[in-house]
Number of protein chains: 2
Amino acid sequence: MKRATSHQVATLANVSRTTVSFVLNNVPGMGISDETRERVLAAARQLGYVPNAMALSLASGATQTIGLLMPHDDQVHANVDAYIPRFLTGVTLTCQASGYKVLFEPLNHAAPAGACLNLVDSGRIDGLIALNPRQADFSYLNDAAGNGFPLIVFGSNLTGHDNVHSIDADNRDAARRATEHLLALGHRRIAHIAFAHDDYPIVRERLLGFRDAMQAADLEVDPAWVSYGNYSAQSGAESMRAILARSSGVTALFAGNDTIAFGAMAALRDAGLSIPDDMAIVGYDDIPLAAYAAPPLTTMRTEPFTEGSEAAAMLLRIMAGESSARAHVKAIVPLVVRRSCGASPT
Amino acid sequence: MKRATSHQVATLANVSRTTVSFVLNNVPGMGISDETRERVLAAARQLGYVPNAMALSLASGATQTIGLLMPHDDQVHANVDAYIPRFLTGVTLTCQASGYKVLFEPLNHAAPAGACLNLVDSGRIDGLIALNPRQADFSYLNDAAGNGFPLIVFGSNLTGHDNVHSIDADNRDAARRATEHLLALGHRRIAHIAFAHDDYPIVRERLLGFRDAMQAADLEVDPAWVSYGNYSAQSGAESMRAILARSSGVTALFAGNDTIAFGAMAALRDAGLSIPDDMAIVGYDDIPLAAYAAPPLTTMRTEPFTEGSEAAAMLLRIMAGESSARAHVKAIVPLVVRRSCGASPT
DNA sequence: TTGTAAGCGTTATCAT
DNA sequence: ATGATAACGCTTACAA
């Protein structure tokens, strides 16, 4: 793999490396003769010259690359989760449009701080987006931000870290509204299956919102009604079966996400139960397949692609030195009503 | 964002930069005194020293980064496709285990050659995995490989490009077997909905396999039976409705992928048709949700995570200078029978 | 056992 | 209008 250097271009064009740089970067006010410019351009073309990105980064101090940090447990997460890939796409396309590359960094329990720190400290990236970081990740993220490193935290509305720019959906509020939808339909015994362990702030938020709604309706939530999945539809099915087995008399389910909901629905069908007659269901995320569930799933709509784009756009802005004040954006999460909860309020 | 340099470490430890480098890299046979080593290590720790990756790359000629190239059309593809994210995860985790980062590069129709070429020519990456490249992408991929650039092509078994290492599933054979499953069940009028336009070799292969099976059974395939989707469940539903509207009397569907199948199933349910009684369906991919469809979807099982891991492992091996001969691996695609085609052969 | 110096490919500041 | 030269942070012969 031989690559041409600016030196070779200079030699071929009979000029100095400086001139090559001036021509190729269109440096203004340098009064390069048209003749010279042509010669340099021709030489570059002939040699297939492309500037070396590493040398450029070293000299300029910028890598034109950002990092995307995301949680990742045991293959399951990024493997099965439907939100992340779309977020990633949003981030990537937005960055691409501005000439930035994105470095993808799944973060598992095993290597908590190391990977990220290294990414930042080794000067490999100019900015970082952390998607749904856990509590444990937050201390060094906050440090990095404190040192002036451009950082966007997406999806964990932790307080007391005013250094970091953040974008959030109000998961708690959305979960409350999801539950209220069920309540308004007349349901009183409502189950919740969290989509993961609750050391992720996001799952805790949804659980909290669920409880908020129940409490506001003066309803006790029986511990037998809540269960924890692990992102997969399978865990949703198992949780549903467990809840059914406890014969807790629940008539509705607020699923922590749509994948969980799909699993629960399958378990219900297998048990010969009807949706929504025996069990009304609302999900969360509005994954592309949600509208194609049987029956079509009522769910809270998130916009991963848009959110990824916005996170990237915000990061780009910060890196460009605009927007000095710490921003804390809240996204809106609408309820989209389909058929999994039946027709209208009782 | 201030970062410590090896120079500062050297100063603090009262040694030269060379010594710092020797100590930190554990260069053997250099006989560094334990006392000195300790002092250097302490200084590095105290300063939070992390070597600058760009400088390191420039000096060593290696970036410890690979690129992942993938097709991408109009948001739809990476946004809705269920295969890619899992492949990506497999690639990333395998690379991570070897200390490699991965640069994610979606490639859309608009910027065909540019993005990839630049990635390679700018020396930003040490190797490249191209996932399902289109015919058009192949010429420069082949060039890069010809220049000795480590490259794995996954999923487009193009011939006449012996420079490139490739991994493939035999899509044509798999599609044939999927169709044969339907045939064995007694179906004669079988529809196919391709999951994308057929300038992707992979969708052409599946179409070809479908035709192979039909032809082997001495069956004509009516043009009214085949339709083209665009990755989305929605396009699957539309295609299904179109096929139904042509009242072509088909009794079975081989869907180009599972997402398409989900859409088709929804359209069927809406039309009051029963699966599998009115329409038997086999999909392709075995996405995580396939087993949770209503009814559970019979489909061809791909293993995106494993395939991604293997592609990465192979690339890593090539970059390490092992395996000189061009490898062309074929993966196996088993049929997994669930309930969307009914019980047993007629 | 440790230090000096050259080189990796750029850009940028000066002279000329 | 163009060309030396230094600087970016590191590795690695080679010297001492």
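Just so you know, these numbers come straight off a predicted model, no measurement behind them. Numbers restart at 1 for each chain; the letters A, B, ... are given by sequence-line order, proteins then strands. Reckoned from all heavy atoms, side chains included, excluding hydrogens, waters and symmetry mates.
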Exercise. B:H7 NE2 to C:dT4 P: how many Å, rounded?
Worked result: 11 Å
For this session: Kindly write out the residues that satisfy ring-ring contact (aromatic ring centres under 6.0 Å, His included) with A:F154, not counting sequence neighbours, or none if the list is empty.
Result: A:F87
Problem set entry | Audit row: B:V164, B:I152, side chain to side chain contact (heavy atoms under 4.5 Å, CB included) steps and yes/no | CA-CA 7 Å; B:V164 339; B:I152 304 282; over 6 Å; no
For this session: Enter the inter-axis angle for the ends of the helix from C:dT1-D:dA16 to C:dT16-D:dA1 (five pairs per end, rounded to 10°).
Result: 50°
Exercise. Between B:T18 and B:S21, does any side-chain donor sit less than 3.5 Å from a side-chain acceptor?
Worked result: no
Problem set entry | Length of the CG-P vector between B:N14 and C:dT1, whole Å | 19 Å
Problem set entry | With A:A144 via side-chain contact (heavy atoms from CB on, under 4.5 Å) - residues at least two apart | A:F149
Can you name the atoms? Protein N/O to nucleotides 12-16 of chain C N/O, anything below 3.5 Å, with the distance.
unit_1 : atom_1 : unit_2 : atom_2 : d
C:dA12 : N6     : A:T18  : OG1    : 3.3

Exercise. Looking only at side chains, do A:T89 and A:T92 share a donor and an acceptor under 3.5 Å apart?
Worked result: no
Exercise. Using a heavy-atom distance cut-off of less than 4.0 Å, which residues of residues 33-50 of chain A contact DNA chain C?
Worked result: A:Y49, A:V50
For this session: Identify, with sequence neighbours excluded, every residue that meets side-chain contact (heavy atoms from CB on, under 4.5 Å) alongside A:L47.
Result: A:A4, A:Q8, A:V9, A:L12
Exercise. When you list every nucleotide of DNA chain D with an atom under 4.0 Å from a heavy atom of chain B, which one comes first 5' to 3', and which comes last?
Worked result: D:dG9 to D:dA13
Problem set entry | For B:T94, side-chain contact (heavy atoms from CB on, under 4.5 Å) partners two or more places apart | B:S309, B:A312, B:A313, B:L316
Problem set entry | Test log, rule side chain to side chain contact (heavy atoms under 4.5 Å, CB included), inputs B:I84 and B:M70 | CA-CA 8 Å; B:I84 292 176; B:M70 52 170 49; 3.0 Å; yes
For this session: Identify whether any heavy atom of B:L58 sits under 4.0 Å from a base atom; if not, whether one sits that close to sugar-phosphate; answer base, sugar-phosphate or nothing.
Result: base
For this session: Identify, with sequence neighbours excluded, every residue that meets side-chain hydrogen bond (donor to acceptor under 3.5 Å, both in side chains) alongside B:T11.
Result: none
Under 3.5 Å, which donor-acceptor pairs do the side chains of residues 51-60 of chain B form with other protein atoms, sequence neighbours left out?
unit_1 : atom_1 : unit_2 : atom_2 : d
B:N52  : OD1    : B:M54  : N      : 2.8
B:N52  : OD1    : B:A55  : N      : 2.8
B:S57  : OG     : B:A53  : O      : 2.9
B:S57  : OG     : B:A62  : O      : 3.2
B:S60  : OG     : B:L56  : O      : 2.8
B:S60  : OG     : B:A62  : N      : 3.2
B:S60  : OG     : B:A62  : O      : 3.3

Exercise. Between C:dC8 and A:T5, is there an OP1 or OP2 to side-chain N/O distance shorter than 4.0 Å?
Worked result: no
For this session: List in chain and number order the residues that pass salt bridge (charged side-chain N to carboxylate O under 4.0 Å, His left out) with A:R39, two or more places apart in sequence or in another chain; answer none if no residue qualifies.
Result: A:E35
For this session: For A:E38, enumerate each residue passing the side-chain contact (heavy atoms from CB on, under 4.5 Å) test, keeping only those at least two apart in sequence or located in another chain.
Result: A:L41, A:R45
Seminar exercise, completed: Heavy atoms of A:R37 and A:V23 approach each other most closely as O-CG1, 4.0 Å
